[in-house]
Amino acid sequence: MLVHSPMARRLVHAVFALIVLPVFALPFAVILIASFATNWSGALPSGPTLEQYRTVTSGDALHALVTSLLTATAASLIALVLGTWAAIVVHGMARLRRLADSLFMLPVAVPSVVVGLALLVAFSRPPFLLNGTPGIVVMAHAVLITGFAYQSVAAALQRLDPVFEQSAASLGATPGYVLLRVKLPLLLPSLSAATALCFALSMGELSATMMLHPPDWLPLPVAIYAATNRGLVFIGSAQAALLMTTTLLVLLLLNRVRTRASYR
């Protein structure tokens, strides 16, 4: 730790507890409390109950959760493949890398609703008619998150010691063998981290999804927005708790994979 004085460390911990924890932890705590409440007439919700969770687990929320998981998994895999491929291709080429940086960061720099509108205009007519299908939702998520996968892998490539590739090549390994058996295994911790980031971002994406999703492909964030928009705050809180818990469990699983990859 950079702070060595016990008094200074206690001060840092106190500032962290007073500022950082309320800003980040308190909103999630309120959502969890509200998911078990029946009314909210005071500073905090009251009337503990499990009725919201009975409604959520027996209704369409589980179907929406499965839809979100399928969308996030497909979009994350597409983003990981495209981002990794692009980062490897432009690695060592300064001009091409600057172009790729701008291209992949463009969807991040604009509101996601703009990405949704762009896809809606581009794929609403033959021969690329995707409007009204789950594919356009997956595509929108992939467009929005590929830049994060690309940046994560590109940064890892910059830190990668070239001596491993040079040693393999000097022993007669082909470029394909070096890529599959040397470079990608060394990048595995960064790949798993990029996958976790892309998955989390996709699970929470709302704006573009609302523009593009068909009626039979309703991700959970859209269901949460619809519930709260109808005044069903406690139902929406239970759905949000379900979304947070599921996302956290998947991220913990991916973190376990990354930890094992780091020890290899």
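- Taking each heavy atom of A149 and A79 in turn, the nearest pair found is CB-O, 3.6 Å.
- Under the 4.5 Å side-chain heavy-atom criterion for grouping Ile, Leu, Val, Met, Phe, Trp and Tyr, L119 is connected to L117 within one hydrophobic cluster.
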- Evaluation steps, side chain to side chain contact (heavy atoms under 4.5 Å, CB included), between S112 and E205: CA-CA 9 Å; S112 58; E205 210 296 312; 3.1 Å; yes
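- The CG atom of L253 sits 11.5 Å away from the CG atom of L248 when rounded to the nearest 0.5 Å.
- Distance check: L62 CG to T57 OG1 gives 6.0 Å after rounding to the nearest 0.5 Å.
- S202 contributes no side-chain N or O that, together with a main-chain N or O of F199, makes up a donor-acceptor pair within less than 3.5 Å.
- P219 has its side chain within reach of H213: a pair of non-hydrogen atoms, C-beta onward, lies under 4.5 Å apart.
- Note: the hydrophobic cluster containing L160 also contains L179 (ILVMFWY, side chain heavy atoms under 4.5 Å, direct or indirect links).
- Residue pairs meeting the salt bridge (charged side-chain N to carboxylate O under 4.0 Å, His left out) criterion with at least one member in residues 168-190, sequence neighbours excluded, are E165-K183.
- Here the closest non-hydrogen pair linking I78 and A142 is CG2-CB, 3.9 Å.
- Linking Ile, Leu, Val, Met, Phe, Trp and Tyr whenever their side-chain heavy atoms come within less than 4.5 Å puts M203 and L254 in one cluster.
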- Query: Does the side chain to side chain contact (heavy atoms under 4.5 Å, CB included) test come out yes or no for T247 and L251, once each step is laid out?
  - Reply: CA-CA 6 Å; T247 304; L251 294 182; 4.1 Å; yes
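- Within the structure, side-chain hydrogen bond (donor to acceptor under 3.5 Å, both in side chains) contacts touching residues 63-86 (residues at least two apart or in different chains) are T71-W217.
- Applying the ring-ring contact (aromatic ring centres under 6.0 Å, His included) test to pairs two or more places apart or on separate chains, those with a residue in residues 117-151 are F104-Y150.
- The shortest distance between side-chain heavy atoms of S167 and V182 does not fall below 4.5 Å.
- In terms of heavy atoms, L144 sits closest to A208 at CD1-CB, 4.2 Å.
- Q151 has its side chain within reach of M105: a pair of non-hydrogen atoms, C-beta onward, lies under 4.5 Å apart.
- Of the residues listed (L186, L187, V90), the one engaging L157 in a side-chain contact (heavy atoms from CB on, under 4.5 Å) is L187, and it is the only one.
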- Query: Should I88 and L184 be marked as a side chain to side chain contact (heavy atoms under 4.5 Å, CB included) after you check the CA-CA gap, both sets of side-chain angles, and the distance that decides it?
  - Reply: CA-CA 10 Å; I88 291 175; L184 288 180; 4.1 Å; yes
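- Nearest approach of I224 to G236, heavy atoms of both residues: CG2-O, 3.9 Å.
- Inter-residue side-chain proximity for P221 and T209 is flagged as unmet; no heavy-atom pair is nearer than 4.5 Å.
- A donor-acceptor distance shorter than 3.5 angstrom exists from the side chain of S192 to the backbone of P189, with no hydrogens or angles considered.
- Taking Ile, Leu, Val, Met, Phe, Trp and Tyr as hydrophobic and joining them when side-chain heavy atoms fall under 4.5 Å apart, one finds M210 in a cluster with L206, L218, V222, Y225.
- Looking only at side-chain heavy atoms (C-beta outward), L191 and L80 come within less than 4.5 Å of each other.
- Residues Q158 and R97 meet the side-chain proximity criterion, which asks for heavy atoms closer than 4.5 Å.
- Between atom CG of residue L243 and atom CG of residue L220 there is a gap of 5.0 Å, rounded to the nearest 0.5 Å.
- With contacts defined as side-chain heavy-atom distances shorter than 4.5 Å, the pair L232/T228 does not qualify.
- Taking CG of L129 as the start and CD1 of I136 as the end, the distance is 8.5 Å to the nearest 0.5 Å.
- Inter-residue side-chain proximity for R230 and I235 is flagged as unmet; no heavy-atom pair is nearer than 4.5 Å.
- Screening residues 81-95 for salt bridge (charged side-chain N to carboxylate O under 4.0 Å, His left out), with sequence neighbours left out, gives no hits.
- The two atoms that bring A223 and Q239 nearest to each other are O-OE1, 3.4 Å, heavy atoms only.
- Grouping the Ile, Leu, Val, Met, Phe, Trp and Tyr side chains by contacts below 4.5 angstrom, directly or via other members, places M139 apart from L77.
- Hydrophobic clustering, with ILVMFWY side chains joined whenever heavy atoms are under 4.5 angstrom apart, keeps L69 apart from L252.
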Counting only pairs under 3.5 Å, give me each side-chain donor-acceptor contact of residues 25-39, with atom names and distances, residues two or more places apart or in other chains.
unit_1, atom_1, unit_2, atom_2, d
S35, OG, L32, O, 2.5
S35, OG, Y53, OH, 2.6
T38, OG1, G47, O, 3.1
N39, OD1, S46, OG, 2.4

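- In terms of heavy-atom proximity, A140 sits nearest to V115 at O-CG1, 4.5 Å.
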- Message: With side chain to side chain contact (heavy atoms under 4.5 Å, CB included) as the criterion, how do L212 and L120 come out once you've worked through the C-alpha distance, each side chain's angles and the decisive distance to 0.1 Å?
- Response: CA-CA 7 Å; L212 300 171; L120 193 63; 3.8 Å; yes
